[in-house]
Amino acid sequence: MFKLVTHNRHKFEEIRKIVPDLEMLDMEYPEIQADTLEEVVEFSLNYLSDRIDGDFIIDDSGLFIEALNGFPGVYSAYVFRTIGNDGILALLRGVENRRAYFKTVIGIRFQGVNYKLVGICHGIIAEEPRGTNGFGYDPIFIPEGFEKTFAEMSTEEKNRISHRGKAVRKLAAFMDRFYPR
Ligand code: IMP
C-alpha cells in the first residue's frame, strides 16, 4: 500500500476515491521556495526519502491566475493562509480577465526513484465565494464548462474534472503497471 504524506485530510479523501489502496501519513515537511511546483516536489521527495521507509507519494498543488502573471502559483499555501479567498477576490476586483488554472504535481518515490505526474484544470475565478464543499480555493474557482464552483460540487464531480483527479488517474495507471496488487 502506498503512503500519501500530507497534513491535508481533504487531499487524502479526494485521492483515496480514485486510489483506494492508500494510507495517510500525517506529517508536515518544509517546502522550498522555487519557481515551479516540479522543483518543490523534487526537493520534498528527496527530503522525505531520508525520513520515510519505502515508497510514498506527495501532492503539491497551486492556483495560477492569468491576470496576476501566475500568482499565487507556488506560493498558493502561503497566500491562502495570509490573504485567503477574500484577498484574491480583492486583487481581482474590476479585472475582466478571470482566467486561472489549478495544477497538481504528484510526486512518487518508488524503489528509490522519483517520478512526477501532472494534472491541470482550467477555469475562471468567481466574482464571490460560493459553496461549502472541498477546501482552499474551491469556493472561488469555476472550472471550464461549468457554472458551479468546485465548492458546490461533490468530491466525485470535482475528481472527474479537477487537476488532482487527472494527476491521480495517472497515478492509478502507474500503480497498476509498477505496483501490482
Ligand atoms: P499545497 O499543495 O498543500 O501546497 O496547496 C497549496 C494551496 O492551494 C493550499 O492553500 C491549498 O489549500 C490550496 N489547494 C490545493 N489543492 C486545492 C484544490 O484542489 N482546491 C482548492 N484549493 C487547493
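Every number for a ligand or one of its atoms is a count from 1 in the order of the listing. Everything quoted here is computed from the prediction, not taken from an experiment.
Closest to atom 6 (C) of ligand 1, if we only count protein heavy atoms, is S61 O, 3.3 Å. Nearest non-hydrogen protein atom to atom 20 (N) of ligand 1 is D138 OD1, 2.6 Å. Of all protein heavy atoms, the one closest to atom 9 (C) of ligand 1 is A77 CA, 3.8 Å.
Under a 3.5 Å cut-off, the side chain of R98 and the backbone N or O of A126 do form a donor-acceptor pair.
Within ligand 1, the atoms closer than 4.0 Å to a non-hydrogen atom of E31 are 4 (O), numbered from 1 in the order shown. Atom numbering of ligand 1 starts at 1 in the shown order; those under 4.0 Å from a heavy atom of D60 are 1 (P), 2 (O), 4 (O). Ligand-side atoms of ligand 1 in range of R164: 15 (C), 16 (N), 17 (C), 18 (C), 19 (O), range being under 4.0 angstrom from any heavy atom. Close approach of ligand 1 to K158 (heavy-atom distance below 4.0 Å) involves ligand atoms 18 (C), 19 (O), 20 (N). When each atom of ligand 1 is checked for a heavy atom of K11 under 4.0 Å away, the hits are 1 (P), 2 (O), 3 (O). Of all atoms in ligand 1, listed by their number and element, those nearer than 4.0 Å to a heavy atom of S76 are 6 (C), 7 (C), 8 (O), 10 (O).
Nearest to atom 8 (O) of ligand 1 by heavy atom, out of Y137, F80, Y78, is Y137. Of the candidates F141, F135, F102, F150, the one placing a heavy atom closest to atom 15 (C) of ligand 1 is F135.
A salt bridge links E13 to R9: one of the charged nitrogens lies within less than 4.0 Å of a carboxylate oxygen. Using a cutoff of 4.0 Å between basic side-chain nitrogens and carboxylate oxygens, E38 and K116 are not scored as salt-bridged.
When hydrophobic clusters are built by joining Ile, Leu, Val, Met, Phe, Trp and Tyr residues whose side-chain heavy atoms come closer than 4.5 Å, directly or via intermediates, I106 is not grouped with F102.
The only option from D138, T149, N133 that meets the side chain to side chain contact (heavy atoms under 4.5 Å, CB included) definition with K158 turns out to be D138.
The aromatic rings of F150 and F141 sit tilted, their planes meeting at an angle between 30° and 60°.
No side-chain N or O of S44 forms a donor-acceptor pair with one of N46 less than 3.5 Å apart. Judged by distance alone, the side chains of R164 and N159 never bring a donor and an acceptor atom under 3.5 Å apart.
Within the structure, the closest approach of N8 to ligand 1 does not fall below 4.0 Å when heavy atoms are considered.
For ligand 1, the polar-atom distance check finds no N/O of E14 at less than 3.5 Å from any of the ligand's N/O atoms.
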